[in-house]
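Accompanying notes for the structure given below.
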Amino acid sequence: MTESATVTGSVTVRVPAKVNVQLAVGAARPDGFHDLANVFLAVGLYDEVTAVPADELTITCSGPDAAQVPLDRSNLAARAALALAERYGIEPAVHLHIAKDIPVAGGMAGGSADGAAALLACDALWSTGASREELLEICAELGSDVPFSLIGGAALGTGRGELLTPVETGGTFHWVFAVADGGLSTPVVFGEFDRLTAGTDVPEPAAAPALLDALASGDPVALAKTLSNDLQAAALSLRPSLAATLAAGTDAGALAALVSGSGPTTAFLVPDPETAHRVAAALTASGTCRTARVAVSPAPGATVV
Ligand code: C5P
């Protein structure tokens, strides 16, 4: 890691997207966040963040959705570099290039992924010697989903999603993701969840034992029966057209369909790669989404390449 920084003067980190196979949401807390039981699965769609020494902190981004990515200090990659530099008393003199392949504002933690990747890249570039625990602590300060982007694989997130316990997976799961036109704002979706559940008794969020068993068994049919997302009704309320996308994927042979995180990307669990390609083609032809992507899970977390 350090050797690559010394030899080339740059460090590139590859980082995966995620899907939530269970997203159980509790009532709003006094701090505005919601307690979650959030079962994350990293999927093999990747961004790459390259850190190069520079006069000052700058960001560029390439990829089909690059125009939608902020290049100022609101970008989680910039915030990660600043947080690490401040902690170690280092000048944040780095250029970060994001090669973006994860859908933007899609509920697949693309921004969080870039935060985790930039943190790991700057850590290697600056040879800080930070422990894994310290990096995870900085990730949690950056956002609820950022720690998971660092560790990847599969994990249960509790608290606001940042307290992670690794979860066993017994095989490879195949997915299709339908990317919608335009994003959905995570706080707005949580706000809609609050509106829809107002006056009801929102139960304490808990991981479903049948879902954890299905992940451990590697059986997609068992997993399909247990997928759930408490934000789905809110995402559908804000974007009713997603119902047609979900139906197009299940009509084409997906075992199950759900909104990914806060959406608007929709996720389709399929039994094998052949079905994945068939469902992706049907989704594209249906006209109910902008594009469809095939990916497998679990995927490794942020890794220096
Ligand atoms: O943690 P992060 O900055 O990614 O969260 C973005 C927004 O999503 C928060 O400001 C909050 O509105 C909402 N959120 C929430 N409960 C969580 C995670 C996020 O209400 N557990």
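One-based numbering, in listed order, for ligands and for the atoms of each. Predicted model only: the values in this text are computed from it and were never measured.
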Atoms of ligand 1 close to [X] [distance to a heavy atom under 4.0 angstrom, numbered from 1]:
| X | value |
| --- | --- |
| R160 | 1 (O), 17 (C), 18 (C), 21 (N) |
| G32 | 20 (O) |
| H34 | 15 (C), 16 (N), 17 (C), 20 (O), 21 (N) |
| S144 | 1 (O), 2 (P), 4 (O), 18 (C) |
| G143 | 1 (O) |

| Just checking, any donor-acceptor pair under 3.5 angstrom between side chains of H95 and T58? | yes
| said: For a quick check under 3.5 Å, do T186 and S262 share a side-chain donor-acceptor pair by atom type? | reply: yes
| field | A178 versus T245, closest heavy-atom pair with distance | value |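 Taking A178 first and T245 second, the nearest heavy atoms are CB-CG2, 3.7 Å.
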| request: Check G110 against D47 and note the closest heavy-atom contact, atom names and distance. | output: O-OD2, 3.9 Å
| message | Nearest 0.5 Å, please: how far is OG1 in T288 from CG in D181? | response | 10.5 Å
| query | What residue and atom, counting heavy atoms only, is the protein's closest point to atom 9 (C) of ligand 1, and at what distance? | reply | F33 CE2, 3.7 Å
| said: Within the structure, is a non-hydrogen atom of T186 found at a distance of less than 4.0 Å from ligand 1? | reply: yes
| task | Answer with side chain, backbone, both or neither: which part of F190 has a heavy atom less than 4.0 angstrom from an atom of ligand 1? | result |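 F190 to ligand 1: side-chain contact only, backbone stays beyond 4.0 Å.
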| query | Between D31 and R160, is the closest basic N to carboxylate O distance under 4.0 Å? | reply |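 Judged by the 4.0 Å cut-off on N to carboxylate O distance, R160 and D31 do not form a salt bridge.
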